[in-house]
Amino acid sequence: MRILLYLVLFVVALYALIDCVLTPGARVRSLPKAVWLIVILLIPGLGGLAWLFLGRPVASDGGLFAGRAQPAAPDDDPE
C-alpha cells in the first residue's frame with residue numbers, strides 16, 4: 001500500500017514537472033516559472049499538487065480545445 005502512495009506522488013510530480021516546463025512563462029500563475037520548477041523538484045508531492053491548483057494556467061473557455069482557433073462558421077474554414 002505504501003508503494004502505491006509513493007507511485008501516485010511520483011506520477012503527480014512528474015506530470016506537474018512536464019506541464020510546468022511546457023507552459024509559457026507568461027501564463028504561469030502565483031509564482032515565476034523558475035520558482036515553480038524548484039518547488040516541484042524539492043517538494044515532489046505537495047509541490048506538484050500546488051502547481052496543479054495554484055500555478056497552472058486556467059483555460060480561457062474551459063473546453064477541450066482551449067487556446068486553439070476554431071472556425072466560427074463554414075465560410076471561415078479555408079478548406
Side-chain angles (χ1 to χ4, degrees):
M1 190 68 176
R2 187 179 301 176
I3 294 172
L4 182 63
L5 176 65
Y6 288 126
L7 182 64
V8 168
L9 290 176
F10 174 75
V11 169
V12 167
L14 184 64
Y15 176 78
L17 183 65
I18 292 171
D19 190 39
C20 184
V21 167
L22 295 178
T23 300
R27 297 193 59 210
V28 175
R29 295 185 300 154
S30 303
L31 297 172
K33 184 175 177 177
V35 175
W36 275 117
L37 290 171
I38 292 169
V39 168
I40 294 169
L41 288 173
L42 291 180
I43 314 169
L46 294 176
L49 289 174
W51 163 256
L52 293 176
F53 290 110
L54 302 174
R56 190 173 192 208
V58 178
S60 58
D61 64 353
L64 180 62
F65 300 104
R68 296 183 186 167
Q70 297 291 325
D75 294 346
D76 295 340
D77 193 0
E79 296 176 10

Side chain to side chain, Leu52 and Val12, heavy atoms closer than 4.5 Å: yes
Value rounded to 0.5 Å, distance of CG in Leu22 from CG in Leu17: 9.5 Å
Residues clustered with Leu9, ILVMFWY side-chain links under 4.5 angstrom: Leu5
Arg29 backbone acceptor or donor facing Trp36 side chain under 3.5 Å: yes
Ile3 atom CD1, over 12 foreign heavy atoms within 6.0 Å: no
Atom pair OG1/CD1 of Thr23 and Ile18 - distance to nearest 0.5 Å: 11.5 Å
Smallest separation among heavy atoms of Ala13 and Pro44, with atom names: CB-O, 3.4 Å
side-chain hydrogen bond (donor to acceptor under 3.5 Å, both in side chains): pairs with one or both residues in residues 47-57, sequence neighbours excluded: Tyr15-Arg56, Asp19-Trp51, Asp19-Arg56
Minimum heavy-atom distance Cys20-Leu37, with the two atoms named: SG-CD2, 3.5 Å
Over all atoms of both residues, closest heavy-atom pair of Val28 and Lys33: CG2-CB, 4.2 Å
Smallest separation among heavy atoms of Ala16 and Gly48, with atom names: CB-CA, 3.6 Å
Linked, directly or transitively: Val11 and Leu49 (ILVMFWY side chains, under 4.5 Å): no
Same apolar cluster: Leu42 and Leu14, side chain cutoff 4.5 Å: no
From CD1 (Ile38) to CG (Leu41), nearest 0.5 Å: 8.0 Å
